[in-house]
> 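Sending over a structure as structure tokens; questions will come in a sec.
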Number of protein chains: 2
Amino acid sequence: MLRLSKLTDYAIVIACHCARNPQALHNAAEISSSVGIALPTVQKVLKRLTQAGILRSERGAHGGYLLAAAPHQVSVARVIAALEGPIGLTECSLAESQCRQADGCDIRGNWTLINRAIQAALEAVSLADMVKPAPREIPISLGALHAGLR
Amino acid sequence: MLRLSKLTDYAIVIACHCARNPQALHNAAEISSSVGIALPTVQKVLKRLTQAGILRSERGAHGGYLLAAAPHQVSVARVIAALEGPIGLTECSLAESQCRQADGCDIRGNWTLINRAIQAALEAVSLADMVKPAPREIPISLGALHAGLR
DNA sequence: TTTAATCAGGACTAGAATAGTCCCCAATTG
DNA sequence: CAATTGGGGACTATTCTAGTCCTGATTAAA
């Protein structure tokens, strides 16, 4: 399976929770209980989302967290990147890395291609989309991607 | 980073190596040296690719491996699935899993949507594509995905 | 002013997953 | 029969992740 870490999974759930009520302040305990994730873990995730600028925090009594931007402006890609760093399937798709495979390096260009397709898919979906009920049918046309490879 | 395990990465490199010379038999030692991955690891990956039906093996002296199908018929998605199991970003995108988040479950439908987009991207690329030189420009239109969410 | 609530930041631990290695058996060739 | 090569699986060590906890800073309310 093309894994996303559990913490990232939680992050999306938590971000979606805030997106349902974008104006309200949500404190860690409230989020923990309504989302069903242990409090310390929730706190950890909240900190990372705040550092990434996805959430804003209010300190002090009756403090809490809320989305820093409107739900439709926050993409799933951004939440994932906040927890996992830049999106990419392989090491070599990121920097000019130390890929020592004598063979693989012709491949890199095509990896970046795939990565961009995935990134595009994740960026096309916002938190506002996630909290909507799912659509029945899913029209995806990726023919253009394939055309690009010829 | 949206991680793919190293073994999966190797698998793609190895599969691409075979795709460059689809008729020839490649034994483990040859692949190891030309690809720059330790022999035992290469053997491990080769076994999995064979079990998945992506490679065919010939036993005995002068045996080796070769692609079971033409390079353009083997998608990157299939190679990944051979090593990692079904493609999906989250647990809950697979089976009717034991997702106990009181909150998250409205989200599932949208996850499957994202997963399908990614799967489509990975299926659109074959080994034949991977061994070609990379195209300069990448026209990807995922507008349809977003449209599907409305 | 004091107290309580809440976030900030980081250290720490246990467990799981991964990567990598090795061994013995089966099959084929010559 | 002997040499080569894949088949299958067991095993280990290391890395990574998840999860917990503690201490300090900030704010609100009593």
Side-chain angles (χ1 to χ4, degrees), chain A residues 1-14 18 24-68 80 82-85 89-91 100-101, chain B residues 1-14 18 24-68 80 82-85 89-91 100-101:
Chain A
M1 196 177 73
L2 192 54
R3 253 200 19 212
L4 217 52
S5 81
K6 280 192 196 176
L7 286 187
T8 306
D9 196 359
Y10 298 159
I12 292 173
V13 172
I14 289 170
C18 293
L25 268 177
H26 304 269
N27 66 48
E30 179 253 306
I31 294 175
S32 167
S33 71
S34 47
V35 159
I37 303 172
L39 178 57
T41 305
V42 169
Q43 291 173 322
K44 186 175 191 174
V45 172
L46 286 169
K47 287 169 196 169
R48 293 223 219 162
L49 289 175
T50 306
Q51 288 173 329
I54 293 170
L55 297 181
R56 258 182 36 219
S57 65
E58 299 284 338
R59 288 182 153 201
H62 304 110
Y65 298 86
L66 76 169
L67 279 181
I80 293 176
L83 276 276
E84 312 230 347
L89 290 182
T90 56
E91 300 279 349
R100 286 286 153 267
Q101 266 77 41
Chain B
M1 194 176 75
L2 191 54
R3 252 198 22 211
L4 216 53
S5 79
K6 281 192 196 177
L7 285 187
T8 307
D9 195 359
Y10 299 160
I12 293 172
V13 171
I14 290 170
C18 293
L25 268 177
H26 305 269
N27 66 48
E30 178 251 309
I31 294 174
S32 167
S33 69
S34 48
V35 159
I37 303 171
L39 178 58
T41 306
V42 169
Q43 291 174 321
K44 187 174 191 174
V45 172
L46 286 170
K47 286 169 197 169
R48 293 223 218 161
L49 289 174
T50 306
Q51 287 173 333
I54 292 170
L55 298 181
R56 258 181 36 219
S57 65
E58 299 284 337
R59 288 181 155 201
H62 304 110
Y65 299 86
L66 76 169
L67 279 180
I80 293 175
L83 275 278
E84 314 231 348
L89 290 182
T90 56
E91 301 281 346
R100 287 287 154 264
Q101 266 77 41

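Side-chain atoms are counted along with the backbone in the values below, which use heavy atoms only and exclude waters and symmetry mates. Throughout, a chain's letter reflects where its sequence line sits, starting with A, and its residues are numbered from 1.
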> Do A:L7 and A:R48 have side-chain heavy atoms sitting under 4.5 Å apart?
yes
> Is any side-chain heavy atom of B:Y10 less than 4.5 Å from a side-chain heavy atom of B:T41?
yes
> If each of A:G60 and A:T8 is mapped to the nucleotide of DNA chain D with the nearest heavy atom, which maps nearer the 5' terminus, i.e. the 5' end?
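It is A:T8 whose nearest nucleotide is closer to the 5' end.
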> Which is true for A:A29 with a 4.0 Å heavy-atom rule: it touches a base, it touches only sugar-phosphate, or it touches nothing?
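No contact.
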> Measure the shortest side-chain to side-chain distance between B:C18 and B:L67 over non-hydrogen atoms and say whether it is less than 4.5 angstrom.
yes
> For a quick test of reading the model, state the closest non-hydrogen atom pair linking A:E30 to A:L25 and the distance between them.
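Scanning both residues completely, I find the closest heavy atoms to be OE1-O, 4.3 Å.
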> Using atom CG of B:L39 as one end and atom C1' of C:dA19 as the other, report the distance to the nearest whole Å.
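So the CG-C1' distance, B:L39 to C:dA19, works out to 15 Å.
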> Between A:A68 and A:G53, what is the shortest heavy-atom contact and its length?
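Nearest pair, atom of A:A68 first, then A:G53: CB-O, 3.4 Å.
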> Distance check needed: C:dC7 C1' versus A:Q51 CD, whole Å only.
12 Å
> CZ of B:R59 versus C1' of C:dC25: gap in Å, rounded?
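So the CZ-C1' distance, B:R59 to C:dC25, works out to 9 Å.
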> Contact list please: residues 42-49 of chain A against DNA chain D, heavy atoms, distance less than 4.0 Å, in numerical order.
A:K44
> Looking at B:S5, does any N or O in its side chain come under 4.0 Å of the phosphate oxygens OP1/OP2 on C:dA17?
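Checking B:S5 against C:dA17: no side-chain N or O falls below 4.0 Å of OP1 or OP2.
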> Report the distance from atom CG of B:L83 to atom C1' of C:dA19, rounded to the nearest whole Å.
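It works out to 12 Å between those atoms.
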> Kindly give the heavy-atom pair with the smallest separation between A:G63 and A:N27, and that separation in Å.
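That would be O-CB, 3.9 Å.
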> Considering non-hydrogen atoms only, spot the tightest contact between B:Q43 and B:A28 and give its length.
CG-CB, 3.9 Å
> Is any side-chain heavy atom of A:I31 less than 4.5 Å from a side-chain heavy atom of A:L46?
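A:I31 reaches A:L46 side chain to side chain.
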> A:L7 has an atom CG; how far is it from atom C1' of C:dA17, in whole Å?
15 Å
> If you walk 5' to 3' along DNA chain D, what is the first nucleotide with an atom under 4.0 Å of a heavy atom in chain B, and what is the last?
D:dT4 to D:dT17
> Hey, does B:L83 have a side-chain heavy atom less than 4.5 Å from the side chain of B:L49?
yes
> Can you tell me how far P of C:dA17 sits from CG of A:L4, to the nearest Å?
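Result: 16 Å.
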